[in-house]
Colleague: 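Pasting in a structure now, in structure tokens, and then I'll have a few things to ask.
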Amino acid sequence: MFSNYVEEQTHQLSQLFSAAHAATEGSYYSVILAGDMNHGPDIQERIVSQFPSVYDRVLASGWADSYIGLPVNESTAQCTFCFSNPLITPEPNRTLKGRIIDHVYVPNEDASRVKGTKRFYDEPIVFEGHSLYLSDHFGVQLEYTPPVFKMEYTDLVEDWKSSFGEWKQKFANLGQGC
């Protein structure tokens, strides 16, 4: 069906974005897409890209990468799939690069609601005397202020009046049956 992984991932993301848009169109809900996306940017000297054309297509489709920031903040971006993690490289080399393939995407129109992001669970824990990493990926944490409403106030009032009228009629009908 697909001639390569880039085509497959592009198709899958297109379906995901279409579903997210359809689920929220005309509503006051917002969507945040997060996870291991297996694609990411190239950031000189520190981050190795993985399927950058897919990453660029996501950004061109109206989504903001809240972890990296737009424009890309090259001085603070840290890998989420780091070659220095011993779960990836048996003998970690701290000079090796890593990838940013874990993302938290928000719609461009909601990007101003992002209050901060950071990498977390990036330090080993000590369990029964052994130093262990929780995963081969480090997490991305988002601080976000969700929209109260995306609908206009007048639309909400009209929706409320309509619903109230329907319920008022239902209660009136109940009284007639007694």
Side-chain angles (χ1 to χ4, degrees), residues 2 5-44 46-83 85 87-88 97-125 133-160 163:
F2 301 103
Y5 182 73
V6 170
E7 283 182 14
E8 181 180 2
Q9 191 175 47
T10 300
H11 174 76
Q12 291 170 345
L13 286 168
S14 176
Q15 288 182 316
L16 179 65
F17 296 152
S18 293
H21 178 71
T24 60
E25 188 174 28
S27 75
Y28 46 82
Y29 297 106
S30 188
V31 172
I32 296 171
L33 301 172
D36 173 0
M37 302 292 184
N38 284 327
H39 60 257
D42 182 40
I43 298 177
Q44 299 298 326
R46 295 189 22 231
I47 304 296
V48 178
S49 65
Q50 180 161 316
F51 306 116
S53 64
V54 176
Y55 179 76
D56 292 342
R57 185 170 179 149
V58 169
L59 300 182
S61 298
W63 294 87
D65 185 342
S66 65
Y67 175 59
I68 298 173
L70 291 174
V72 172
N73 187 342
E74 293 187 10
S75 64
T76 60
Q78 295 178 290
C79 56
T80 61
F81 187 80
C82 305
F83 303 145
N85 184 334
L87 294 176
I88 297 170
K97 296 181 180 185
R99 292 191 168 110
I100 298 175
I101 57 175
D102 302 274
H103 302 279
V104 181
Y105 292 123
V106 297
N108 281 338
E109 64 266 16
D110 291 340
S112 64
R113 299 184 178 287
V114 174
K115 302 304 175 201
T117 57
K118 67 178 183 177
R119 187 176 79 173
F120 74 121
Y121 293 133
D122 55 355
E123 295 294 326
I125 61 166
Y133 282 88
L134 294 173
S135 174
D136 59 341
H137 292 248
F138 298 140
V140 176
Q141 183 178 11
L142 170 69
E143 184 181 344
Y144 178 82
T145 303
V148 177
F149 295 107
K150 281 191 172 181
M151 295 174 68
E152 294 293 323
Y153 175 75
T154 54
D155 293 337
L156 291 172
V157 170
E158 291 305 313
D159 285 352
W160 179 81
S163 295

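One-based numbering along the sequence shown.
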Colleague: Determine whether a donor-acceptor pair (N or O, by modelled atom type, separation under 3.5 Å) exists between the side chain of S61 and the backbone of R57.
Modeller: yes
Colleague: Any idea how Y105 and H103 line up, ring-wise: parallel (<30°), tilted (30 to 60°), or perpendicular (>60°)?
Modeller: parallel
Colleague: Where is the tightest heavy-atom contact between N108 and A64, given as atom of each residue plus distance?
Modeller: OD1-N, 3.3 Å
Colleague: Y55 and side chain to side chain contact (heavy atoms under 4.5 Å, CB included): which partner among I100, I101, L13, D65?
Modeller: D65
Colleague: When you measure from the side chain of E143 to the backbone N and O of K115, does any donor-acceptor pair fall under 3.5 Å?
Modeller: no
Colleague: Looking at F51, is its backbone amide N or carbonyl O close enough to the side chain of Y5 to form a donor-acceptor pair, meaning the two atoms are under 3.5 Å apart?
Modeller: no
Colleague: Could you grab the distance from atom NZ of K97 to atom CZ of F83, nearest 0.5 Å is fine?
Modeller: 9.5 Å
Colleague: If every non-hydrogen atom of L87 is compared with every non-hydrogen atom of D136, which pair is closest and at what distance?
Modeller: CD1-N, 3.7 Å
Colleague: Using 0.5 Å steps for rounding, measure from the CD atom of Q9 to the OG atom of S14.
Modeller: 12.0 Å
Colleague: Is any side-chain heavy atom of R119 less than 4.5 Å from a side-chain heavy atom of C82?
Modeller: yes
Colleague: Nearest 0.5 Å, what's the CG-NE2 distance between L16 and H21?
Modeller: 13.5 Å
Colleague: Any donor-acceptor pair under 3.5 Å linking the side chain of Q141 with the backbone of Y121?
Modeller: no
Colleague: Please list, chain by chain and in numerical order, all residues satisfying side chain to side chain contact (heavy atoms under 4.5 Å, CB included) with S135, sequence neighbours excluded.
Modeller: H137
Colleague: Looking at residues at least two apart in the chain, or sitting in another chain, which of them share a ring-ring contact (aromatic ring centres under 6.0 Å, His included) with Y144?
Modeller: none
Colleague: If you apply the rule side chain to side chain contact (heavy atoms under 4.5 Å, CB included), what do you find for Y67 with V114, and how did you get there?
Modeller: CA-CA 9 Å; Y67 175 59; V114 174; over 6 Å; no
Colleague: Could you tell me whether a side-chain N or O of T117 sits under 3.5 Å from a main-chain N or O of S66, the two making a donor and an acceptor?
Modeller: yes
Colleague: Go through it in stages, so that I can follow the logic: the residues are D102 and M37, the test is side chain to side chain contact (heavy atoms under 4.5 Å, CB included), and I'd like the CA-CA distance, side-chain angles, deciding distance and then a yes or no.
Modeller: CA-CA 6 Å; D102 302 274; M37 302 292 184; over 6 Å; no
Colleague: CG of N38 to CD of Q12: how many Å apart, nearest 0.5 Å?
Modeller: 10.0 Å
Colleague: Which atoms form the tightest heavy-atom contact between A111 and V106, and what is the distance?
Modeller: CA-CG2, 3.9 Å
Colleague: Between the main-chain N or O of G40 and the side-chain N or O of R99, is there a donor-acceptor pair closer than 3.5 Å?
Modeller: no
Colleague: In terms of the angle between their ring planes, are F138 and Y133 parallel, tilted or perpendicular, with boundaries placed at 30° and 60°?
Modeller: tilted
Colleague: Could you verify whether a donor N or O on one side chain and an acceptor N or O on the other, from D42 and S49, lie under 3.5 Å apart?
Modeller: no
Colleague: Roughly how far apart are I88 CD1 and N85 CG, rounded to 0.5 Å?
Modeller: 4.5 Å
